[in-house]
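Both ligands and their constituent atoms are indexed starting at 1 by order of listing.
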Amino acid sequence: MEKIRMTTPLVEIDGDEMTRILWQMIKDELLTPYIDLNTEYYDLGLPKRDETDDQITVDAANAIRKYGVGVKCATITPNAARMDEYHLKKMYKSPNGTLRAILDGTVFRTPILCEGISPVVSRWQKPITIARHAYGDVYKNTEFRVPGKGTAKLVFESEDGTVSEQTIFAFEGPGVLQGTYNLDSSITSFARSCFSYALSVRQDLWFSSKDTISKTYDGQFKEIFQTVYDNEYKAQFEAEGLTYFYTLIDDAVARVMRSQGGFVWACKNYDGDVFSDMLSSAFGSLAMMTSVLVSQDGCYEYEAAHGTVQRHYYKHLKGEETSTNSVATIFAWTGALRKRGELDGNSDLMAFADKLEAATLDTIASGTMTGDLAAITTLENVTKVNSLDFIRAIREKLEASL
Ligand code: NAP
Ligand code: MG
C-alpha cells in the first residue's frame, strides 16, 4: 500500500514520562507505516524546556498559530519535587497554560464511548463535551481574612478619577472576604470558541450560569453569549438545525443527568472545573477522555486529558511490564489528522483517522484491553495486555480494515 501523503505540516508536540513512551509506540506501530508523516516537531519534554528556558513552548504555540493544527503529548507541570528530580533552572509554568494563553483558547473535553465500558448514567448514549472558561473568577481572586468588626467595601476608581463605592458587608466579628473579576474580551472569545466548536462537531450548545443570584456578574456572561450568538452564529446554527440555549446551572445539571448526551456544555471556570471531573469519572475513565484546545480564530490543539502517568513510568524504568491505556493519545492523533485532512481537503487522511479510531474501539469491544479498562468493563473473559501488545492488537485490526 502506498503511504498517505500530507501537504501541510502538523505541529507535533512531544512530552514526558509514560506518555512519551506511548507516543513513540503509536508513531512506530500505527502511523508511520501508513502515513508519510509531515510534522513540525517540538520537544516539550522537561529537559528540553529547561535547556531552552521554556522558549520551545512558546515556539510550539506559535507554530500552531501558523499551521492551524497541533497534537500534544502529556507534559509535566513542574513542582518542587520535579525541580530536584530534573535539576531545573526554575519552576516553569504549566505548558498547557502557556499554550492556552498564546492561543487564547478554550479547552473542550470529550469522553470516548465504547462497547463494554458503560457510563454510570445509563441514559447517556452519546458523549457530552464540556467547555470550561479558563480565565478569571475565583482562580484570579484576591482574598482577605477579616480579623474582626469593620466594613468591607467594593471600590472602583476609573481612569478619569470617578470613584464608585458600595458596601459589601458590615462585619460584627471575624469572617472572610474575596474579590473576583472577569473581562468582556475573555468572555466574548470563550463564547466564540464554543459556538465555532459546536458548529464544527454539529452539536447543540448549552450555556449555564447563576444569573438569578449574580445579576450583574453572571448576567454579563449570559448577555455576551446571547449577543455573540445573535450577531455571529444564529444563521449558521439554524442552517445546520442546531440549537443554542442558556439555562440556570442547577437546571443544566438536572437536564444533563436526564439527557442522552450528544451536546456541548459551556461552563464558567469553576463550574467547568468541577463538572469536567464529574463527567470524566461518570463516563468511565480519565484514560478515555480527549481534550482539544480551540482558539477563537480556529486553531486546534489535540491531546489526552490525563497526565504523564508517572507511576507506570517508574515501573517501566525498572524494566517491569506496564499496561498503560493509549486510547486518549491515539484519539488525540486521529483528531489532529482528521482536522488536518479537513483543512487540506485530504480525504485519505480523514478516512485513515476514522479507521484507526474504529480499530481501537473494536479491539476493546472484542475483549483485548489495558488493565484500567479490564477492571471496569462489563464484558466477560477479557484479555488484559501490556502497553505495546495493546497497540499491536489495534494494528492488526487496522491492517485488516485498510
Ligand atoms: P495522571 O498522569 O493522569 O495519572 C494518575 C493516575 O491515573 C495514574 O497513576 C493511573 O492510575 C491513572 N491513569 C491516568 N492515565 C492513565 C492511562 N492512560 N492508563 C492507565 N492509567 C492511567 O496524573 P498524575 O500522576 O497526577 O500526574 C503525572 C504528571 O502529569 C504530573 O507531573 C502532572 O503535572 C502531569 N499532568 C499533565 C497533564 C497534561 O499535560 N495535559 C494533565 C494532568 C497532569 P494507577 O497508577 O492507579 O494505574
Ligand atoms: Mg478539577
message: Is the ring pair His316/Tyr313 parallel, tilted or perpendicular, if the boundaries are 30 and 60 degrees?
response: parallel
Within the 6.0 Å centroid threshold, strictly below: Phe190 and Phe225: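 Yes, the ring of Phe190 comes within the 6.0 Å limit of the ring of Phe225, centre to centre.
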Check ion pair Asp211-Lys215 (N to O, under 4.0 angstrom): no
message: So, using side-chain contact (heavy atoms from CB on, under 4.5 Å) as the criterion, who are the partners of Gln125 when residues are at least two apart?
response: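 Scan of Gln125 (side-chain contact (heavy atoms from CB on, under 4.5 Å), adjacent residues dropped) gives Gln260.
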message: So, using ring pair (Phe, Tyr, Trp, His ring centres under 6.0 Å) as the criterion, who are the partners of Phe245 when residues are at least two apart?
response: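 Ring pair (Phe, Tyr, Trp, His ring centres under 6.0 Å) list for Phe245, sorted by chain: Trp206.
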query: Taking only residues two or more places apart in sequence, or in another chain, which ones meet Asp184 in a salt bridge (charged side-chain N to carboxylate O under 4.0 Å, His left out)?
result: none
Close-range residues for ligand 1, whose non-hydrogen atoms fall below the 4.0 Å threshold: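 Under the 4.0 Å cut-off, ligand 1 touches Lys72, Ala74, Thr75, Ile76, Thr77, Arg82, Asn96, Ala287, Glu303, His306, Gly307, Thr308, Val309, Arg311, His312, Thr324, Asn325, Asp372.
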